[in-house]
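Here the structure comes first, spelled out in structure tokens, and everything after it is commentary.
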Amino acid sequence: MPELPEVETIARDVRPFLVGATLIHVRLFKSDVLRGIARPAFLRALEGRSVAAVERRAKHLVILLSDGKRLIIQPRMTGSLTIERGDETDPYAVIEADLSTGGRLRYRDVRRLGAVHLLGADAWERYTARIGPEPLERSFTPARLGAALAGGSLAVKKALMDQRRLAGVGNIYANEALWRAGLDPSRPARTITPPEVRRLHRALVAILRSAIRRRGTTVRDYRTGTGEAGEFQKRLDVYGRAGLGCRRCGPRRRIALTHAIDQRATYFCPGCQH
DNA sequence: ACGAGGTCCTGCGAGC
DNA sequence: TGCTCGCAGGACCTCG
């Protein structure tokens with residue numbers, strides 16, 4: 001589940017503990033999350049390095065090391081990144097790094113669908129170039145959202161979740177933004193009119209900001225960088241609310257659930273999303 | 001160029 | 001009680 005607001009929350013939480021700290025001893029419990037690098041090279045590249053910065057790009061955590069390389073962690077579905085203080089072990093720990101400042105960094109991933117990369121500056125440039133614009137940057141205007149949706153017969157919901165078109169939006173926030181904008185998720189992306197694009201832009205930006213304020217959405221696995229559940233699940237209007245009343249139309253209109261779009265759970269109100 | 005579907009991986013809850 | 005099955009969601013891949 002970690003989408004943009006969740007990864008942003010994790011980055012903000014772990015940043016103060018990581019920046020300036022040295023990775024003294026690194027343990028890799030499961031190697032299958034590594035992409036493009038083998039275990040020995042990975043451990044060699046990390047141990048003894050210090051952390052210069054912690055950033056987020058789309059749904060990736062970007063940990064910039066002192067030598068210019070970047071440790072990229074993409075938690076995908078069940079990944080979490082936390083700072084641990086005690087010495088409890090975790091059967092789902094994938095990577096742990098003891099920090100010179102005390103405590104340790106832990107990447108945990110039950111299903112290990114997550115991906116870990118170690119990229120130099122050029123490789124990172126190529127990687128990030130394939131991802132679309134960040135929706136919370138100033139430069140992300142309704143016109144840029146319109147451009148992201150243009151030229152696609154695919155459903156607008158699928159377009160929103162396409163990382164090449166737009167960064168950071170996954171299933172939960174795509175559902176929520178489309179409900180708030182009053183748009184039918186199955187509409188072909190290119191049929192969304194300019195006024196509708198403006199509505200969708202407002203809805204999307206507002207929801208992402210609001211979800212960050214609430215420290216993300218915990219349905220099951222997501223944890224913040226301090227190991228806690230988020231709060232935004234209490235604020236969801238459609239996701240996970242199949243059969244319940246629509247908050248805009250009233251209790252007599254029920255939220256519907258379909259898997260017709262990309263075989264993913266799509267929640268919408270047939271009464272107010274057109 | 002596009003959509004459909006398989007793949008990675010594991011836990012959980014529904015149904016029998 | 002204990003089993004099987006489908007589903008969860010992100011991103012990649014292959015096939016037609």
Side-chain angles (χ1 to χ4, degrees), chain A residues 1-11 28-37 56-62 72-81 90-95 107-117 119 123-124 126-132 134-135 148-178 185-191 208 211 216-223 229-230 232-233 236 238-243 255-268:
Chain A
M1 297 160 221
E3 302 181 29
L4 186 155
E6 289 74 34
V7 180
E8 180 65 29
T9 300
I10 292 170
L28 177 66
F29 301 106
K30 305 277 186 179
S31 300
D32 55 2
V33 297
L34 296 184
R35 300 297 146 87
I37 187 167
R56 177 194 60 76
R57 169 72 169 123
K59 304 172 191 174
H60 309 258
L61 285 146
V62 182
I72 312 296
I73 298 180
Q74 187 179 21
R76 300 241 176 113
M77 177 51 183
T78 55
S80 65
L81 195 74
D90 183 331
Y92 300 111
V94 173
I95 302 170
Y107 176 56
R108 172 189 207 265
D109 193 343
V110 172
R111 290 175 63 185
R112 299 199 306 284
L113 293 177
V116 174
H117 301 255
L119 303 179
W124 170 242
R126 290 192 296 273
Y127 190 99
T128 192
R130 297 199 306 264
I131 306 173
E134 287 288 336
L149 298 180
S153 56
L154 76 176
V156 58
K157 177 172 177 251
K158 205 178 170 199
L160 286 178
M161 294 170 61
D162 182 345
Q163 299 301 296
R164 291 164 300 185
R165 293 171 181 267
L166 183 61
V169 177
N171 201 34
I172 292 176
Y173 298 107
N175 276 298
E176 293 295 312
L178 288 163
S186 67
R187 288 256 308 270
R190 63 171 140 68
T191 70
L208 294 175
T217 301
T218 298
V219 175
R220 179 177 295 177
D221 297 275
Y222 162 68
R223 291 295 179 273
F232 198 72
Q233 63 276 13
L236 296 174
V238 281
Y239 185 86
R241 297 193 68 249
I255 300 300
L257 170 61
T258 173
H259 286 81
I261 303 169
D262 207 23
Q263 298 153 285
R264 309 285 296 280
T266 297
Y267 298 88
F268 67 103

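Numbered from 1 within each chain, the chains take letters A, B, ... in sequence-line order. Computed from a predicted structure; not experimentally measured.
dC9(B) sits 16 Å from dC13(C) when the P atoms are compared, rounded to a whole Å. The C1' atoms of dG6(C) and dG6(B) are separated by 16 Å, rounded to the nearest whole Å. Straight-line distance between the C1' atoms of dG5(B) and dC7(C): roughly 16 Å, to the nearest whole Å.
Stretches of at least 3 consecutive Watson-Crick or G-U wobble pairs, with each checked distance under 3.5 Å, appear in DNA chain C as B:2-8 with C:10-16, B:10-16 with C:2-8.
Of the candidate nucleotides dC12(B), dC9(B), dT10(B), dT10(B) has the atom lying nearest to any side-chain atom of Y92(A). Of the candidates dG11(B), dC9(B), dA8(C), the closest approach to any side-chain atom of V110(A) belongs to dG11(B).
Between R190(A) atom CZ and dA1(B) atom P the separation is 15 Å, expressed in whole Å. What separates CG of L257(A) from P of dA8(C) is a distance of 7 Å, to the nearest Å. For the pair L113(A) CG and dG11(B) P, the interatomic distance rounds to 12 Å; values are reported in whole Å. Per the geometry, CG belonging to N171(A) stands 14 Å off P belonging to dC7(C), to the nearest Å. Atom CD1 in I261(A) sits roughly 14 Å away from atom P in dA8(C) (whole-Å rounding). Note: OH (Y267(A)) to P (dC7(C)) measures 12 Å, nearest angstrom. We find that CG of D90(A) is positioned 15 Å from P of dT10(B), with the value rounded to whole Å. To the nearest angstrom, P of dC12(B) lies 9 Å from CG of D221(A).
Checking side-chain atoms of D221(A) against main-chain N and O of M77(A) turns up no donor-acceptor pair under 3.5 Å. The closest donor-acceptor contact from the side chain of Q263(A) to the backbone of I261(A) lies at 3.5 Å or more, if one exists at all. The backbone N or O of G114(A) sits less than 3.5 Å from a side-chain atom of D109(A), completing a donor-acceptor pair.
When the side-chain contact (heavy atoms from CB on, under 4.5 Å) test is applied to R126(A), the partners found at least two apart in sequence or on another chain are D122(A), A123(A). The ring-ring contact (aromatic ring centres under 6.0 Å, His included) search around F29(A) returns none, not counting sequence neighbours. Scanning for ring-ring contact (aromatic ring centres under 6.0 Å, His included) contacts around F268(A) gives an empty result, with sequence neighbours left out.
Taking 4.0 angstrom as the limit, R112(A) places a side-chain polar atom (N or O) nearer than this to OP1 or OP2 of dT10(B). Residue H259(A) places no side-chain N or O under 4.0 Å from the OP1 or OP2 atom of dG6(C).
Two residues are said to be in side-chain contact when any heavy atoms from C-beta on lie closer than 4.5 Å; P2(A) and K59(A) fail this criterion. Considering only heavy atoms from C-beta on, E3(A) stays 4.5 Å or farther from Y222(A) through its side chain. Using a 4.5 Å heavy-atom cutoff, the side chains of T78(A) and Y92(A) are not in contact. Between P5(A) and F232(A) the shortest side-chain heavy-atom distance does not fall below 4.5 Å.
Atom CD of E8(A) is separated from atom CG of L61(A) by 9.0 Å, given to the nearest 0.5 angstrom.
Comment: R164(A) engages D162(A) in a salt bridge, judged by a side-chain N to carboxylate O separation of less than 4.0 angstrom.
As judged by a 4.0 angstrom heavy-atom cut-off over every strand, A265(A) is placed among residues touching the sugar-phosphate backbone only.
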Short heteroatom pairs, N/O only, protein and nucleotides 2-4 of chain B, under 3.5 Å:
from	atom 1	to	atom 2	distance (Å)
dG3(B)	OP1	S153(A)	OG	3.4
dG3(B)	OP1	L154(A)	N	3.3

### Summary
A correct 5'-to-3' footprint of nucleotides 11-16 of chain C, with B, S and - meaning base, sugar-phosphate only and no protein heavy atom under 4.0 Å, is S-----

